[in-house]
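Read the structure below first, then the notes.
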Amino acid sequence: MARHLITSAIPYINGIKHLGNLVGSQLPADLFARYQRGRGNEVLFLCATDEHGTPAELAAAKAGKPVEEYCAEMHEVQAKIAEGFRLSFDHFGRSSSEQNQVLTQHFAGKLAENDLIREVSETQIYSHADGRFLPDRYIEGTCPNCGFESARGDQCDNCTKQLDPTDLINPYSTISGSTDLEERATKHLYLRQSEMRGKLAEWIDSKSDWPVLTTSIAKKWLNDGDGLQDRGITRDLDWGVPVKKGEQDWPGMEGKVFYVWFDAPIEYIASAQEWVDADKGTDWERWWRTDKGADDVTYTQFMGKDNVPFHTLSFPVTIFGSGEPWKLVDYIKSFNYLNYDGGQFSTSRGRGVFMDQALDLLPADYWRWWLLSHAPESSDSEFTWENFQSSVNKDLADVLGNFVSRVTKFCRSKFSEAVPEGAEYGEEELALINELTSRTRAYEQHMQDMEVRKSAQELRAIWAAGNEYLQTVAPWSTFKTDPDKAAIQIRLALNLIPFYAVLSAPFIPDASASLLASMNVTDTSWPEDVAARLSALQVGHEFTVPEVTFRKITDDEVTEWQETFAGTRD
RNA sequence: GGCGCGGUAGCUCAGUUGGUUAGAGCGAUCGACUCAUAAUCGAUAGGUCGGGAGUUCAAGUCUCCCCCACGCCA
């Protein structure tokens with residue numbers, strides 16, 4: 001039995017994510033996790049919310065709440081939505097957890113021991129009124145480049161020029177509005193990534209089977225300009241993991257926290273500890289420590305392309321640099337962006353569909369199917385309502401849903417709500433079983449390779465094969481002259497339903513479960529032996545004709561939803 | 001401006017290390033069937049593979065230039 005550690009990039013805490021975020025990491029990770037579990041493998045599937053940093057503080061301030069309270073609430077909101085989409089995390093952790101704090105400080109201590117952290121003195125703006133430094137967006141002023149009066153400390157929104165807070169003319173605090181500011185020297189820690197450049201390059205080069213998207217982004221960062229740069233890992237903020245060297249204080253770094261990108265990936269490990277501490281598991285180290293049982297673990301990370309640099313470079317530096325036997329990622333599956341109807345999804349303008357809104361419109365399976373079967377694997381892809389409508393109506397309602405409907409209703413009207421008696425399978429039946437055997441093996445290969453779209457395509461072909469078979473043998477005609485033969489035909493067709501349900505479960509878990517319930521089947525094991533599974537239902541096995549498995553999306557709904565989500569609000 | 005990923009049938013996309021008449025699904029047209037969620041099944045039509053030049057016996061697939069879209073960075 002293989003062991004799979006699977007993580008999805010952790011979504012940021014400030015607000016509800018849109019469908020592009022979902023399909024970029026959490027959803028394909030879930031597909032893979034469900035598939036591996038389905039094959040009987042041992043899986044630990046982890047995710048969390050990324051809670052530290054300036055945007056969280058600002059969002060909390062805007063909501064008029066203490067940041068801890070805001071994060072706790074938003075974590076619950078995101079957890080609930082994840083559940084709504086049936087994301088089957090073994091644990092959905094929080095980067096603000098005690099476990100992550102301890103572990104982050106531990107890694108920092110080890111990196112310092114190994115001389116991979118250096119201290120840098122910088123000049124930053126200090127606000128007397130607020131009693132704190134004002135990084136990034138905490139300060140605004142007049143842009144020295146274009147004269148725009150509300151330029152942020154890190155960038156001017158008008159002319160897009162990158163700025164340093166000390167560049168601003170007439171600067172003021174965005175917290176208090178105070179202009180009582182001064183430049184003050186402050187000290188920060190930098191991770192010496194440049195030291196590891198050779199090791200990283202060698203490691204990346206050895207991953208010839210990774211998606212080009214992953215390796216090309218990593219190589220770009222390794223080789224562009226002067227090569228991989230050291231990065232600051234601390235900030236003058238209150239909200240974050242306090243800077244410490246393991247359990248020791250870090251002289252000169254009092255009142256500072258680690259920068260969010262440093263502690264966020266460490267949460268992958270901490271989440272496993274949280275999983276144990278929540279009594280959901282018993283041993284996290286056998287997943288994460290190669291000296292304690294994790295050497296036979298296959299670790300796969302899923303993420304959008306914007307996260308690739310952190311996972312191919314920064315986090316590996318943390319792991320390598322610790323000098324400790326932590327489990328390193330084996331495969332990084334990265335995704336391009338999903339666009340919305342000719343443009344980008346926009347959180348700030350409310351353009352596109354967000355996860356909570358999606359679930360208000362239709363059940364999770366409808367979204368899961370469309371998103372996965374159109375996953376932006378090789379290039380950016382595009383969501384349009386027409387495309388969504390035609391995929392759902394054709395694939396789910398017509399090909400799969402209607403198949404179940406025609407078979408069960410035919411059986412009920414000509415025989416009963418039970419598997420009818422008949423002789424043995426004939427030539428056509430064996431031909432179908434052969435076809436489905438080879439298609440199932442192809443499907444398994446694509447799923448193993450994480451070829452999401454191809455998997456969906458093969459699954460659809462498996463569904464369609466049932467309709468082709470029925471059309472060929474035409475039990476409605478056979479029944480008039482040879483009811484026994486019709487019984488055989490419909491017996492096979494009935495057997496296809498639980499077979500489809502098990503194969504389809506990673507994509508559409510709810511529909512899968514309800515089909516199995518209708519067919520009165522409890523065996524959810526993977527059909528290693530397709531032929532055996534297709535004669536599993538015994539004569540006389542009772543079932544009930546299911547309700548409509550998938551409904552169709554109407555033209556009126558498409559029109560309405562197009563307007564609703566066009567993004568003119570705010 | 002630099003870098004990156006793309007530009008393949010009306011639409012969404014596949015096309016392994018260059019090799020016979022470029023593929024799938026949807027849509028369109030025609031036909032079959034009538035068990036079913038006006039569902040299904042079959043057939044047909046549709047592309048000078050962004051443009052140009054080059055390498056080669058042979059290029060969607062390699063090289064160079066250009067155009068377009070998107071993204072990242074300056």
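Order of the sequence lines fixes the chain letters, A, B, ..., with proteins taken first and strands second; residue numbering starts at 1 for each chain.
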**Q.** Nearest to side-chain heavy atoms of A/Glu468, which nucleotide of B/C35, B/C41, B/C26
**A.** B/C41
Q.
Side-chain N or O of A/Arg460 versus OP1/OP2 of B/C26: is the shortest distance under 4.0 Å?
A. yes
Q: Name the nucleic acid region contacted by A/Ser391, choosing base, sugar-phosphate or nothing; use a 4.0 angstrom heavy-atom cut-off, strictly under.
A: nothing
Q) When the distance from CG of A/Asn387 to P of B/C26 is rounded to whole Å, what number comes out? A) 12 Å
(Q) Counting only side-chain heavy atoms from C-beta out, which of B/A36, B/G27, B/U34 sits nearest to A/Lys394? (A) B/G27
Q.
Is the phosphate of B/U37 approached by A/Lys409 (side-chain N or O, under 4.0 Å from OP1 or OP2)?
A. yes
Q) What closest approach, in Å, do A/Pro420 and A/Leu494 show between heavy atoms, and which atom pair accounts for it? A) CD-CD1, 4.0 Å
Q.
Just confirming the chi classification of B/G31, syn or anti, using 90° around 0 as the syn window.
A. anti
Q | Candidate nucleotides B/C35, B/U12, B/U37, ranked by approach to the side chain of A/Lys552 - the nearest | A | B/U37
Q: Calculate the interatomic distance between A/Asn393 atom CG and B/U12 atom C1'; express it in whole Å.
A: 16 Å
Q. Which one, B/U37, B/C35, B/A36, comes nearest to the side chain of A/Asn402?
A. B/A36
Q. Rounded to whole angstrom units, what separation is found between the OH atom of A/Tyr340 and the C1' atom of B/U12?
A. 17 Å
Q. B/C13, B/U40, B/U37: which one has an atom nearest the side-chain heavy atoms of A/Arg453?
A. B/C13
Q: Would you indicate what A/Ser390 reaches in the nucleic acid, counting non-hydrogen atoms under 4.0 angstrom: base, sugar-phosphate, or nothing?
A: sugar-phosphate
Q: Return the minimal non-hydrogen interatomic distance between A/Glu435 and A/Ala465, and the atom names on each side.
A: OE2-CB, 3.8 Å
